[in-house]
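Written below as C-alpha cells is the structure these notes are about.
As a basis for the values below, the full set of heavy atoms in this structure was taken, side chains included, without hydrogen atoms, waters or symmetry mates.
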Amino acid sequence: MMHFAVTSRGDDVSDALKKDITLSLEEYGLTEDIEQPDVVISVGGDGTLLEAFHSYHGRLDDTCFVGIHTGHLGFYADWQPEEVEKLVIHIAKTPFQVVEYPLLEVVVRHYDSDNPDRYLALNECTVKTLEGSLVCDVDIKGEPFETFRGDGLCISTPSGSTAYNKALGGGILHPSLPSMQLTEMASINNRVYRTIGSPLILPQHHTCLLNPLNDVEMQITVDHMSMVDRSIKSIQCRVAEENVRFARFRPFPFWKRVKESFIGDGE
C-alpha cells in the first residue's frame, strides 16, 4: 500500500489543491503518511519542492517527489493544476518511472567546533561575505588551484545549473551528468589578483575545498537556507553519494523544460 504526503506553498490555491489531492488519494485507498511517505506531492513551485526535499532528505532512498505548479512552470514542478485529476489516477493506478538526479554534498568545518556540519543541496550552495570581498583559497582534488577574490562563489548541481548558476553565466548541465559546477560572482582580476574566470565543471569524486582567508562574517546558503558565521574554517563540496528521486508518469525532457522556461514554446 503506497503512503503519500502532500506539501503546499501555503497560498489559498495551493492549500485547496492539497486538500483535494489528499481526499482523492485516500478515496483510492492510499494512506496519508507525513512521517514516512513513498511519494511526496509538492503543490506550489520549485521553491515548495525544495522545501519538501529538505524536509525528507533523511529518507531519499525511500521517497519520490512530484511537483504541481500553481504559478510559473518549474523545473521540478511540472504538472498543472488542471491536470491534478489525471495525476491522482496515475499515482493511484500506474507504476511510475523513477528519475534520479545528482545532489551536492556540502561539509562546513568551524574553528570553534570539532564537529563538521553536513548539508545536501538540490540546487546550489553559495559562499559570500557580509562585508567586503570574499577572499579564499580554492583547492581542487586536494591541490591548490587559485586564490579567489570577489563577491562570492556558487557551487551548483546539474539540475540547479538553470537557477542562480545560469544567472552568473554558468553553463546548463543535463541532470544525468553526476557533476557539480563552480561559478564566480564578480571576481577581481588585475595584475596582482587572477582567477580562472570561467565556470568549472567537476566530475564525481572530485572535491572542491574553499578556505576563507579574511576574518569576516561569511554567509553560506544551501538552496533556500542561509547561515551567517565568522568562525568558518573550510567549506568542502562534492557530488553526494545520495540522489534525489522524482516520480515520472510521462516524459518531460530536460531540454524541452529549458526551452519552455527561457526561450518560450515558440507559439
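- Atom CD1 of residue Ile232 and atom CG of residue Asn211 lie 11.5 Å apart, to the nearest 0.5 angstrom.
- Exactly one residue among Thr31, Val88, Leu87, Asp20 makes a side chain to side chain contact (heavy atoms under 4.5 Å, CB included) with Leu25. That residue is Val88.
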Evaluate side-chain hydrogen bond (donor to acceptor under 3.5 Å, both in side chains) for Thr195 paired with Asn189, printing each intermediate quantity in order.
CA-CA 7 Å; Thr195 65; Asn189 282 287; 3.2 Å; yes
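- In this structure Asn190 satisfies the side-chain hydrogen bond (donor to acceptor under 3.5 Å, both in side chains) test with no other residue, sequence neighbours excluded.
- Here the CG atom belonging to Leu153 is positioned 9.5 Å from the CG atom belonging to Leu168, to the nearest 0.5 angstrom.
- Proximity of a side-chain donor or acceptor of Thr48 to a complementary backbone N or O of Gly45 within less than 3.5 Å is detected.
- For the pair Asp223 (side chain) and Asn123 (backbone), a donor-acceptor distance under 3.5 Å is present.
- The shortest non-hydrogen separation linking Glu32 to Thr22 is OE1-CG2, 3.6 Å.
- Checked by atom type and distance alone, the side chain of Arg59 pairs as donor or acceptor with a backbone atom of Pro37 at under 3.5 Å.
- Taking CD from Glu82 and CG from Leu17, the interatomic distance works out to 10.0 Å, rounded to the nearest 0.5 Å.
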List the steps and the verdict of side chain to side chain contact (heavy atoms under 4.5 Å, CB included) for Phe249 and Gln97.
CA-CA 6 Å; Phe249 299 96; Gln97 180 192 6; over 6 Å; no
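- Expressed to the nearest 0.5 Å, how far CD of Gln236 lies from CD1 of Ile155 amounts to 11.5 Å.
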Applying side chain to side chain contact (heavy atoms under 4.5 Å, CB included), run through Trp255 and His174 and close with a yes or a no.
CA-CA 8 Å; Trp255 298 119; His174 194 279; 3.6 Å; yes
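- Distance OG1/Thr207 to CD1/Ile140: 9.0 Å, rounded to 0.5 Å.
- Ring pair Phe254/Phe75 is tilted by interplanar angle, where 30° to 60° counts as tilted.
- Side-chain contact between Tyr119 and Glu105 is absent, with no heavy-atom pair separated by less than 4.5 Å.
- Using modelled atom types, one side-chain atom of Asp38 and one backbone atom of His3 make a donor-acceptor pair closer than 3.5 Å.
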Can you list the steps and then say if Arg245 with Thr63 is a side-chain hydrogen bond (donor to acceptor under 3.5 Å, both in side chains)?
CA-CA 7 Å; Arg245 301 160 78 241; Thr63 296; over 6 Å; no
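- Hydrophobic side-chain contacts under 4.5 Å tie Val228 into a cluster, directly or through other members, with Leu130.
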What's the verdict on side-chain hydrogen bond (donor to acceptor under 3.5 Å, both in side chains) for Asn115 and His110, showing C-alpha distance, side-chain angles and the deciding distance?
CA-CA 8 Å; Asn115 300 319; His110 305 266; over 6 Å; no
Using side chain to side chain contact (heavy atoms under 4.5 Å, CB included), reason through Ile89 and Tyr28 one step at a time and then give a plain yes or no.
CA-CA 8 Å; Ile89 294 167; Tyr28 277 108; 3.4 Å; yes
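- Taking each heavy atom of Ser14 and Ser8 in turn, the nearest pair found is CB-OG, 3.3 Å.
- Thr183 and Gly170 get closest at one heavy-atom pair: CG2-CA, 3.6 Å.
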Is there a salt bridge (charged side-chain N to carboxylate O under 4.0 Å, His left out) between Arg257 and Asp78 once you walk through the steps?
CA-CA 9 Å; Arg257 237 172 302 172; Asp78 54 353; 5.4 Å; no
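- Note that CE of Met218 and CD of Glu131 are 11.0 Å apart. Values are rounded to the nearest 0.5 Å.
- With Arg118 contributing its side chain and Val106 its backbone, the two residues share no donor-acceptor pair below 3.5 Å.
- Looking at Lys128 and Met185, their side chains come closer than 4.5 Å, going by heavy atoms from C-beta outward.
- Between the side chain of Asn165 and the backbone N or O of Gly171, at least one donor-acceptor pair lies under 3.5 Å.
- Met180 places a side-chain heavy atom less than 4.5 Å from the side chain of Cys237.
- Looking at every heavy atom in both residues, Gly160 comes nearest to Thr157 through N-OG1, 2.8 Å.
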Please table the atom pairs, donor to acceptor, closer than 3.5 Å between any side-chain atom in residues 141-151 and protein atoms at least two apart or in another chain.
unit_1: Glu146; atom_1: OE1; unit_2: Ile196; atom_2: N; d: 2.8
unit_1: Thr147; atom_1: OG1; unit_2: Asp137; atom_2: OD1; d: 2.7

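- Scanning all heavy atoms of the two residues, the minimum distance from Pro158 to Ser161 falls at O-OG, 2.6 Å.
- Looking at Cys136 and Val127, their side chains never come closer than 4.5 Å, going by heavy atoms from C-beta outward.
- Using a 4.5 Å heavy-atom threshold, the side chains of Ile220 and Thr126 count as separate.
- When side chains are defined from C-beta on, Val222 counts as touching Met225, because their heavy atoms get closer than 4.5 Å.
- Between Ile68 and Pro81, the shortest heavy-atom contact is CG2-N, 4.2 Å.
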Determine whether Ser226 and Gln219 satisfy the following criterion, side-chain hydrogen bond (donor to acceptor under 3.5 Å, both in side chains), listing intermediate values before the conclusion.
CA-CA 7 Å; Ser226 180; Gln219 181 177 37; 3.1 Å; yes
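- Formation of a donor-acceptor pair under 3.5 Å by the Ser42 side chain with backbone atoms of Thr7 is not found in this model.
- Glu35 meets the salt bridge (charged side-chain N to carboxylate O under 4.0 Å, His left out) test with no other residue; sequence neighbours excluded.
- Under the 3.5 Å distance criterion, the side-chain polar atoms of Ser234 are left unmatched by any main-chain donor or acceptor of Leu210.
- Panel note: side chain Glu83, backbone Gln80; a donor-acceptor pair is recorded below 3.5 Å.
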Please lay out, stage by stage, how Met2 and Val39 fare under the test side chain to side chain contact (heavy atoms under 4.5 Å, CB included).
CA-CA 8 Å; Met2 192 187 294; Val39 63; 3.6 Å; yes
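- Judged by distance alone, with hydrogens and angles left aside, the side-chain atoms of Arg248 form no donor-acceptor pair with the main-chain N or O of Phe96 at under 3.5 Å.
- When hydrophobic side chains of Ile, Leu, Val, Met, Phe, Trp and Tyr are connected at separations under 4.5 Å, Tyr56 ends up clustered with Ile34, Val40, Leu49, Leu50, Phe53, Leu60, Phe65, Tyr76, Val99, Tyr101, Leu103, Leu120, Leu122, Val244, Phe246.
- Chaining together hydrophobic side chains whose heavy atoms lie under 4.5 Å apart places Leu213 alongside Val135.
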